K.L.:
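Input: one structure, supplied below.
Predicted model only: the values in this text are computed from it and were never measured.
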Protein chains: 2
Amino acid sequence: MATGRTHRPATRSRGIPEATVARLPLYLRALTALSERSVPTVSSEELAAAAGVNSAKLRKDFSYLGSYGTRGVGYDVEYLVYQISRELGLTQDWPVVIVGIGNLGAALANYGGFASRGFRVAALIDADPAMAGKPVAGIPVQHTDDLEKIIEDNGVSIGVIATPAGAAQQVCDRLVAAGVTSILNFAPTVLSVPDGVDVRKVDLSIELQILAFHEQRKAGEETAAGDGALPTAAPRGATADDSADQGPDGDVPAVMPA
Amino acid sequence: MATGRTHRPATRSRGIPEATVARLPLYLRALTALSERSVPTVSSEELAAAAGVNSAKLRKDFSYLGSYGTRGVGYDVEYLVYQISRELGLTQDWPVVIVGIGNLGAALANYGGFASRGFRVAALIDADPAMAGKPVAGIPVQHTDDLEKIIEDNGVSIGVIATPAGAAQQVCDRLVAAGVTSILNFAPTVLSVPDGVDVRKVDLSIELQILAFHEQRKAGEETAAGDGALPTAAPRGATADDSADQGPDGDVPAVMPA
DNA sequence: CCATCTTTGTGCACGCGTTCACAAAGACAT
DNA sequence: ATGTCTTTGTGAACGCGTGCACAAAGATGG
């Protein structure tokens, strides 16, 4: 997954392990589906299958939230939906700003999954003056100059960065200075932030590279005999302009306007 | 971050831990930047800072690849770029298909970071007949009917799913049947695949929910006294139509055409 | 009211990943 | 050549996360 925490080595926040927190949205999605089908209760086995985890893990995860199940029966779907929503903080409204309205930013702005989970796109921000005022997903784009004011006026604490890599750190700094304490970063850069600010990273390029690694391993499982294990006289010369040479490569998170 | 492996509990492929593999692209990016600035060598300390990890971890990671450093000096940038590229399988060409050319699919098709890492968009596929033939990012969209043929003709082994959730599993099954063995899934669903197929997941909604959790915890750090620790008579009634009620929520990965 | 059967909640062990801390290796100056 | 200084590579300890396996809890039927 294109995931990646930063900071806080593994602070088990109020007793709930990070790994469990990361799975709660998964459970919530499966439970919501059951709820829509008016299923009253579900066993750990069934829910685990729906969420793609094993049942022991699911039960342990739920045990961190409290004893919400009934032995011999299972879990009350509606009740669990409520408890998980509350635990994740989805019962309140989270205004979000998206900075960088290129191809990706626009796609994110149109994302329907925002509103249904308590996230509200409070503003779209872009550095291009030509974009200003132009509506994207029904929301007029505002200029970067007003970033601080927008953050403060709307009480925004979550920011999404979808700018080119070069602008990301600067945007990040301004967001943080204006009061944002959680950032979802789509730009292919490592952001540095002060303590107390959470950053999560989504990086398409990294995901593909990880897949390529496994793909290569699968392909070369029987081909490889005694290939490249030792650094014995590797082709050091033929490497220089092997992967570079084609301009500023991953400079944009997922394509800019054009 | 929006990451998430599936299958293979933690198979340390040929001795390289999964966690290390996930960081190699990060190192590669930092090294490429150094290479473009013509920096000849770099110490573990410097490179670690650039990649946002600590130096001990970086050194251990590199130790799985072999002894490529020089004590007292550091690592040869160009050489390391080559070694990591090779290890990740980026020295070869990876044809990729993107299925589901909505807002997100189009953004991905335009993503510049593809080509620069050995990934080539071999085809764009969509179920909408109206899209067929229409060029996106310079590539004509093809219809889902030809999916199998496209996969086989191009020798595609990596597929990207950017369809609505409802179509994802079906598309996945067809991709796998046609020979795809690595899938990057943007649809908010759990995909089930046979052994030997790798799936990585990117899920915006989940990332935001995780951020919301931490955000809530930060906000309620001093507010909370003895809040919701015990399941004592929780408001079970007032929960039913609290988060549902607004249609099929996260049905699309990151917005459809409109 | 008791027996049986289902399913939860969790104690325990194991393995992966991270970090510390240091010895070995080499560059560089004298 | 010898010594000093820098930086790597890694042994060892620790902590988190996972999964097994089972006891406790409660529903259900007689």
K.L.:
What's the CG-P distance between L65(A) and dT8(C), to the nearest Å?
P.N.:
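From L65(A) CG to dT8(C) P: 15 Å.
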
K.L.:
What are the two closest non-hydrogen atoms of A48(B) and N54(B), and how far apart are they?
P.N.:
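Answer, listing the atom of A48(B) first, then N54(B): CB-C, 3.8 Å.
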
K.L.:
Between E45(A) (CD) and dG9(C) (P), how many Å, whole number?
P.N.:
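In whole Å, dG9(C) P lies 14 Å from E45(A) CD.
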
K.L.:
Please give, in whole Å, the distance from dG17(C) P to E18(A) CD?
P.N.:
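Value for this atom pair: 17 Å.
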
K.L.:
To the nearest Å, give me how far apart CG (L80(A)) and P (dG9(C)) are.
P.N.:
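Atom CG in L80(A) sits about 10 Å away from atom P in dG9(C).
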
K.L.:
Does either side chain, that of S44(A) or that of R59(A), offer a donor lying less than 3.5 Å from an acceptor on the other one?
P.N.:
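A donor-acceptor contact under 3.5 Å links the two side chains.
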
K.L.:
Would you say the ring centroid of F62(A) lies under 6.0 angstrom from that of Y68(A)?
P.N.:
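No, they do not, as the ring centres are separated by 6.0 Å or more.
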
K.L.:
Between R217(B) and D198(A), is there a side-chain N and carboxylate O pair less than 4.0 Å apart?
P.N.:
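Looking at D198(A) together with R217(B), the answer is no, because their closest N to O distance does not fall below 4.0 Å.
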
K.L.:
Tell me if the aromatic rings of Y82(A) and Y79(A) count as close, with their centers under 6.0 Å from one another.
P.N.:
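Centroid separation for Y82(A) and Y79(A): 6.0 Å or greater.
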
K.L.:
Is there a donor and acceptor pair closer than 3.5 Å between the side chain of K60(B) and the base of dG17(C)?
P.N.:
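Checked by distance alone, the answer is no.
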
K.L.:
Could you check T70(A) against A19(A) and say which one's nearest nucleotide on DNA chain D is further toward the 5' end?
P.N.:
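It is A19(A) whose nearest nucleotide is closer to the 5' end.
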
K.L.:
Please give, in whole Å, the distance from dG17(D) C1' to R23(A) CZ?
P.N.:
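Atom CZ in R23(A) sits about 8 Å away from atom C1' in dG17(D).
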
K.L.:
Phosphate oxygens OP1/OP2 of dA21(C): is one of them under 4.0 Å from a side-chain N or O of R59(B)?
P.N.:
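Looking at the OP1 and OP2 atoms of dA21(C), neither is under 4.0 Å from any side-chain N or O of R59(B).
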
K.L.:
Under the criterion side chain to side chain contact (heavy atoms under 4.5 Å, CB included), I'd like the reasoning laid out for S55(A) against E46(A): C-alpha separation, chi angles, the key distance, then a yes or no.
P.N.:
CA-CA 8 Å; S55(A) 63; E46(A) 293 166 325; over 6 Å; no

K.L.:
For Y75(B), report the nucleic acid contact type (base, sugar-phosphate, nothing); a contact means any heavy atom under 4.0 Å.
P.N.:
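Result for Y75(B) = sugar-phosphate.
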
K.L.:
In the structure I gave you, are the side-chain heavy atoms of L184(B) and I158(B) within less than 4.5 Å of one another anywhere?
P.N.:
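When only atoms from C-beta onward are counted, I158(B) and L184(B) do not touch, as no gap falls below 4.5 Å.
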
K.L.:
Is the phosphate of dT8(D) approached by S44(B) (side-chain N or O, under 4.0 Å from OP1 or OP2)?
P.N.:
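So the side chain of S44(B) is within the cut-off, an N or O lying under 4.0 Å from OP1 or OP2 of dT8(D).
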
K.L.:
Please state how far atom OH in Y64(A) lies from atom P in dG9(C), giving the value in whole angstrom units.
P.N.:
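Spelled out: OH on Y64(A) to P on dG9(C) is 13 Å.
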
K.L.:
Report yes if a donor N or O on one partner sits less than 3.5 Å from an acceptor N or O on the other, where the partners are the side chain of R71(A) and the base of dT8(C); otherwise report no.
P.N.:
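By the distance-only test, yes, there is a pair.
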
K.L.:
Where the side chain of S63(B) is defined as all heavy atoms beyond and including C-beta, which of dG9(C), dT10(D), dT18(D) is the nearest nucleotide?
P.N.:
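Among dG9(C), dT10(D), dT18(D), the one nearest the side chain of S63(B) is dT10(D).
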
K.L.:
What are the residues of residues 50-58 of chain B, sorted by number, that bring a heavy atom to within less than 4.0 Å of DNA chain D?
P.N.:
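Close to the strand, none.
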
